[in-house]
Engineer: 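Here it is, the structure, as structure tokens.
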Amino acid sequence: MTSITQLPPCSILLLAGGRGQRMGGQDKGLVEWLGEPLIAHLQRKTRPLTDDLIISCNRNRERYAPFADQLVVDDEGDFPGPLAGIRAGLKAARHSHLMVLPCDVPRVDEALLHTMRETANQHPDKPLMLRHDEHWEPLLCVIPVALLPAFETAWDAGERSPGRVMRELGAKALQCPDNDPRLANLNTPDLLHSHNTVSD
């Protein structure tokens with residue numbers, strides 16, 4: 001396995017800019033799990049991997065600021081969706097690639113993050129997305145920053161699906177096991193509660 005230090009530097013974007021509808025409108029990244037905001041779990045796992053940790057947030061900037069090197073906001077109001085956050089991250093990224101993670105997957109682990117970076121490095125001109133249970137996970141991905149113009153073109157044409165944009169750009173898949181617990185999406189109060197005895 002290639003060591004982290006041998007891989008080219010990578011910017012990391014944590015998506016926390018959504019409306020939080022499944023959380024009753026709460027700012028999801030600040031909802032607590034195992035005694036800490038969700039964003040804190042992701043920050044702790046990604047901090048050692050980058051000197052360019054970006055958080056996409058559209059409210060509570062002062063609460064997110066301590067967790068990031070830079071904050072980005074959507075360039076349109078009313079929560080236009082994750083593709084807006086990804087575009088903002090690509091514009092702000094200081095390195096050649098941007099790893100994207102949603103704030104509600106606190107069970108991702110170092111091994112998976114490393115494999116994402118290593119696999120993306122084998123296909124440096126293509127986006128990488130996770131796949132499991134025959135489904136793409138477009139918000140768990142690594143994107144070459146050089147593809148920003150293609151993302152902008154798709155956005156201007158009305159596209160709002162990150163997955164469709166990346167598949168059209170020839171995305172590579174990193175296949176994960178079916179029902180991989182590391183990809184548990186804790187995006188409702190019930191899911192947070194059902195996972196609240198799991199150590200991270």
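Sequence positions, counted from 1, serve as the residue numbers for this chain.
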Engineer: In Å, rounded to the nearest 0.5 Å, how long is the span from CD of Glu110 to NZ of Lys45?
Structural biologist: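 Here the interatomic distance stands at 10.5 Å.
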Engineer: For Met129, is there any backbone N or O sitting under 3.5 Å from a side-chain donor or acceptor partner on Lys172?
Structural biologist: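 No; zero donor-acceptor contacts below 3.5 Å.
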Engineer: If you round to the nearest 0.5 Å, how far is NE2 of His41 from CG of Leu34?
Structural biologist: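 Reported to 0.5 Å precision, the distance equals 5.0 Å.
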Engineer: Answer whether the closest heavy-atom distance between the side chains of Lys28 and Pro37 falls below 4.5 Å.
Structural biologist: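 Of all side-chain heavy-atom pairs linking Pro37 with Lys28, none is under 4.5 Å.
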Engineer: Do any N or O atoms from the side chain of Asn60 and from the backbone of Arg63 form a donor-acceptor pair under 3.5 angstrom?
Structural biologist: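 Side chain of Asn60 to backbone of Arg63, a donor-acceptor pair under 3.5 Å: no, none is there.
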Engineer: Please determine whether side chain to side chain contact (heavy atoms under 4.5 Å, CB included) holds for the pair Ser56 and Leu13, giving the CA-CA distance in whole Å, both sets of side-chain angles, and the decisive distance to 0.1 Å.
Structural biologist: CA-CA 7 Å; Ser56 165; Leu13 173 68; 3.9 Å; yes
Engineer: Do the side chains of Glu36 and Arg44 get nearer than 4.5 Å, heavy atoms only?
Structural biologist: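 Counting from C-beta outward, Arg44 and Glu36 do come under 4.5 Å.
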Engineer: Over all heavy atoms of both residues, which pair between Ser161 and Leu83 is shortest? Give the atoms and the distance, please.
Structural biologist: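 That closest heavy-atom pairing would be N-CD2, 4.2 Å.
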Engineer: Hey, could you give me the CG/CD1 distance between Leu14 and Ile54, rounded to the nearest 0.5 Å?
Structural biologist: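 Answer rounded to 0.5 Å: 9.0 Å.
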Engineer: Which pairs with one or both residues in residues 135-145 pass side chain to side chain donor-acceptor pair (under 3.5 Å), sequence neighbours excluded?
Structural biologist: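 Sorted result for residues 135-145: His132-Glu137.
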Engineer: Going by heavy atoms in the side chains, are Leu128 and Cys141 under 4.5 Å from each other?
Structural biologist: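 With C-beta onward as the side chain, the pair stays apart.
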Engineer: Check this for me: does any side-chain nitrogen of one of Asp69 and Arg94 sit under 4.0 Å from a carboxylate oxygen of the other?
Structural biologist: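 Salt bridge: no.
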Engineer: If I take atom CD from residue Glu134 and atom CD from residue Gln175, how far apart are they, to the nearest 0.5 angstrom?
Structural biologist: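 If I round to the nearest 0.5 Å, the distance is 6.5 Å.
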Engineer: Using side-chain heavy atoms (C-beta onward) and a distance below 4.5 Å, is Phe67 in contact with Arg47?
Structural biologist: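 Not touching, per the 4.5 Å side-chain cut-off.
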Engineer: Is there a path of hydrophobic side-chain contacts, each under 4.5 Å between heavy atoms, that joins Leu139 and Val145?
Structural biologist: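 In one cluster with Leu139: Val145, yes.
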Engineer: Between Ile12 and Leu98, is the side chain to side chain contact (heavy atoms under 4.5 Å, CB included) condition met? List the steps.
Structural biologist: CA-CA 5 Å; Ile12 297 179; Leu98 180 70; 5.8 Å; no
Engineer: Any side-chain heavy atom of Ile143 within less than 4.5 Å of one from Phe151?
Structural biologist: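 Yes - at least one pair of side-chain heavy atoms lies under 4.5 Å apart.
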Engineer: Please examine the side chains of Gln70 and Leu53, heavy atoms only from C-beta on, and report whether any two atoms are closer than 4.5 Å.
Structural biologist: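 Leu53 vs Gln70: side chains apart.
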Engineer: Take Leu42 and Val108 through the side chain to side chain contact (heavy atoms under 4.5 Å, CB included) test and state the conclusion after the steps.
Structural biologist: CA-CA 8 Å; Leu42 271 295; Val108 296; 4.1 Å; yes
Engineer: To the nearest 0.5 Å, what is the distance between CG (Leu15) and CD1 (Ile86)?
Structural biologist: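 If I round to the nearest 0.5 Å, the distance is 5.5 Å.
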Engineer: Do any N or O atoms from the side chain of His97 and from the backbone of Val142 form a donor-acceptor pair under 3.5 angstrom?
Structural biologist: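 Judged by distance alone, no pair lies under 3.5 Å.
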Engineer: Let me confirm one number: the CD1-CD distance from Ile55 to Gln43, rounded to the nearest 0.5 Å.
Structural biologist: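 One finds 7.0 Å between CD1 of Ile55 and CD of Gln43.
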Engineer: Taking all heavy atoms of Pro144 and all of Pro124, pick out the closest pair and write down the distance.
Structural biologist: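 The pair with the smallest heavy-atom distance is CG-O, 3.4 Å.
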Engineer: Any side-chain heavy atom of Leu112 sitting closer than 4.5 Å to one from Leu130?
Structural biologist: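 Heavy-atom side-chain distance check passes, below 4.5 Å.
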Engineer: Ignoring hydrogens, what is the shortest heavy-atom contact between Thr50 and Cys10? Give both atom names and the distance.
Structural biologist: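 Nearest pair, atom of Thr50 first, then Cys10: OG1-O, 2.6 Å.
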Engineer: Please determine if Asp178 and Arg131 form a salt bridge, counting it only when a charged side-chain N lies under 4.0 Å from a carboxylate O.
Structural biologist: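 No, no charged N to carboxylate O under 4.0 Å.
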Engineer: I need the minimum non-hydrogen distance between Tyr64 and Cys57, along with the two atoms involved.
Structural biologist: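 Nearest heavy atoms, Tyr64 then Cys57: CD1-CB, 3.5 Å.
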Engineer: Cys103 and Leu38: which non-hydrogen atoms are nearest, and at how many Å?
Structural biologist: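 It is O-CB, 3.4 Å.
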Engineer: What's the shortest heavy-atom distance between Lys126 and Gly170, and which atoms?
Structural biologist: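 So the two residues come closest at CD-O, 3.6 Å.
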Engineer: Could you tell me whether a side-chain N or O of Arg117 sits under 3.5 Å from a main-chain N or O of Pro8, the two making a donor and an acceptor?
Structural biologist: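 Yes; judged by distance alone, with no hydrogens or angles, the pair exists.
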Engineer: Is the backbone N or O of His95 less than 3.5 Å from a side-chain atom of Ser11, with the two atoms forming a donor-acceptor pair by type?
Structural biologist: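 Pair found, side chain donor or acceptor close to backbone of His95.
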Engineer: Does the pair Arg87/Asp74 count as a salt bridge with the N-to-O cut at 4.0 Å?
Structural biologist: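 Answer for the salt bridge query: no.
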Engineer: Decide yes or no for Leu140 and Leu183: does some side-chain heavy atom of the first lie under 4.5 Å from some side-chain heavy atom of the second?
Structural biologist: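 Yes, close enough: below the 4.5 Å cut-off.
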